[in-house]
Amino acid sequence: MADRRPGGGGAVTARPVRLGPRSVAALVLVSAVGVAAFGWPLLADDASGLAAAHAGVAPWLFAVLLPLLVGVVVATIADSGMDAKAVAMLGVLAAVGAALRPLGAGTAGLEPMFFLMVLSGRVLGPGFGFVLGAVTMFASALLTGGVGPWMPYQMLSMAWFTMGAGLLPGRDGLRGRGELGLLAAYGAAAAFAYGTAMNLQGWVLALPAGSSGIAFHPGEPLQANLVRFGAYCLATSMGWDLGRAALTVVLTVTIGSTVLKALRRATRRAAFEAQVTFEGDEKPHRGSFRVRPPTGPTSHTTLLRGRGEGSAEGRSPRGDLH
């Protein structure tokens, strides 16, 4: 949907991937599958084979996630007509994000790609953000050799992370320091949420069930297991999550304004979902055009010739017309 602001010089704000009824339904379905894949061990009541079963879910989740992700794109095309320019921007941003991730991976959780995902989701909308997050993490895994049972979980977590930035309020009116503050706060909170989601995936695999006070205990009440899970996050990943959140905030505050302007400029020039409009109250109708008769000494002769009446038979001996 494109909108023009009064006095804005005709600047167009558009979302290449706009959420419609089909898109929302597809996103809800994908998210429901993801929540079930992340959280089902908390509801398990038998410790035997739990870790192996949890690891065995990953290939099936990946097999389900890819067609559902394609379904999100197809539903979005049906809702808003995503064109080749949106697909091209998706590919460029995913490639940049995949290239940024190895720059800090393995060093206290410093991953600059999270900063780019926050700003891209903010400018380009939640639908675009969901697809971008999943595709970027998939490309990054292929680039760094990080393909494993954790990859589909990473794709879902990053998709939610980027989509959340597109759902933040004030997208069309909030600018300047207020917008940067909002994005920085979201980036910090979402960085911890991403780490927490990935911890939930690895919790069952990292420690044998019931081996310690922070290990998963199948069959015990959900509240007790959540307390152990919180202790597990504090003991194992707090430093990584803190580094990820701090870098996201620093990059957002320092160069976020420049990147936001570049993304918005690229979106305006691409003119996503541009529509042809007519100005004025009246539209031309067939038969409403009037031809002005020619003037001058030969006007009558020219007019009659145009009607087929300017032949020699129609002339008088003096050369005048009858």
So, for [X] and [Y], which heavy atoms are closest and what is the spacing to 0.1 Å?
{"X": "Thr196", "Y": "Phe229", "result": "O-CZ, 3.4 Å"}
{"X": "Glu111", "Y": "Leu247", "result": "N-CD2, 3.6 Å"}
{"X": "Ala141", "Y": "Met151", "result": "CB-SD, 3.4 Å"}
{"X": "Ala94", "Y": "Val135", "result": "CB-CG1, 3.9 Å"}
{"X": "Gly164", "Y": "Tyr186", "result": "CA-OH, 3.2 Å"}
{"X": "Ser120", "Y": "Leu132", "result": "CB-CD2, 3.5 Å"}

Any [X] side-chain heavy atom under 4.5 Å of [Y] side chain:
{"X": "Gln154", "Y": "Phe138", "result": "no"}
{"X": "Phe128", "Y": "Met89", "result": "yes"}
{"X": "Thr162", "Y": "Val131", "result": "no"}
{"X": "Met137", "Y": "Met113", "result": "yes"}
{"X": "Leu200", "Y": "Tyr153", "result": "no"}
{"X": "Leu116", "Y": "Leu251", "result": "no"}
{"X": "Ser157", "Y": "Phe38", "result": "yes"}
{"X": "Leu183", "Y": "Leu260", "result": "yes"}

Look up atom [atom1] in [X] and atom [atom2] in [Y], then write down how far apart they are to the nearest 0.5 Å.
{"X": "Cys233", "Y": "Arg228", "atom1": "SG", "atom2": "CZ", "value": "14.0 Å"}
{"X": "Leu167", "Y": "Arg122", "atom1": "CG", "atom2": "CZ", "value": "10.5 Å"}
{"X": "Tyr194", "Y": "Leu156", "atom1": "OH", "atom2": "CG", "value": "10.5 Å"}
{"X": "Phe192", "Y": "Asp241", "atom1": "CZ", "atom2": "CG", "value": "6.0 Å"}
{"X": "Met158", "Y": "Arg101", "atom1": "CE", "atom2": "CZ", "value": "7.0 Å"}
{"X": "Trp203", "Y": "Ile214", "atom1": "CH2", "atom2": "CD1", "value": "9.5 Å"}

- So, is the end of the Arg244 side chain (NZ or CZ) under 6.0 Å from the ring centre of Phe114 and within 45° of the ring's axis? yes
ILVMFWY cluster, [X] and [Y] together (side-chain gap under 4.5 Å):
{"X": "Leu180", "Y": "Val250", "value": "no"}
{"X": "Val33", "Y": "Met163", "value": "yes"}
{"X": "Leu29", "Y": "Trp160", "value": "yes"}
{"X": "Leu222", "Y": "Val227", "value": "no"}
{"X": "Val253", "Y": "Val123", "value": "no"}

- Message: Under the criterion salt bridge (Lys or Arg N to Asp or Glu O under 4.0 Å), I'd like the reasoning laid out for Lys261 against Glu179: C-alpha separation, chi angles, the key distance, then a yes or no.
- Response: CA-CA 12 Å; Lys261 290 179 181 178; Glu179 183 179 32; over 6 Å; no
- What do the steps show when you test Leu174 against Leu168 for side chain to side chain contact (heavy atoms under 4.5 Å, CB included), and what is the final call? CA-CA 10 Å; Leu174 185 62; Leu168 294 175; over 6 Å; no
- Task: Would you confirm whether Ser140, through its side chain, and Thr136, through its main-chain N or O, come within 3.5 Å as a donor-acceptor pair?
- Result: no
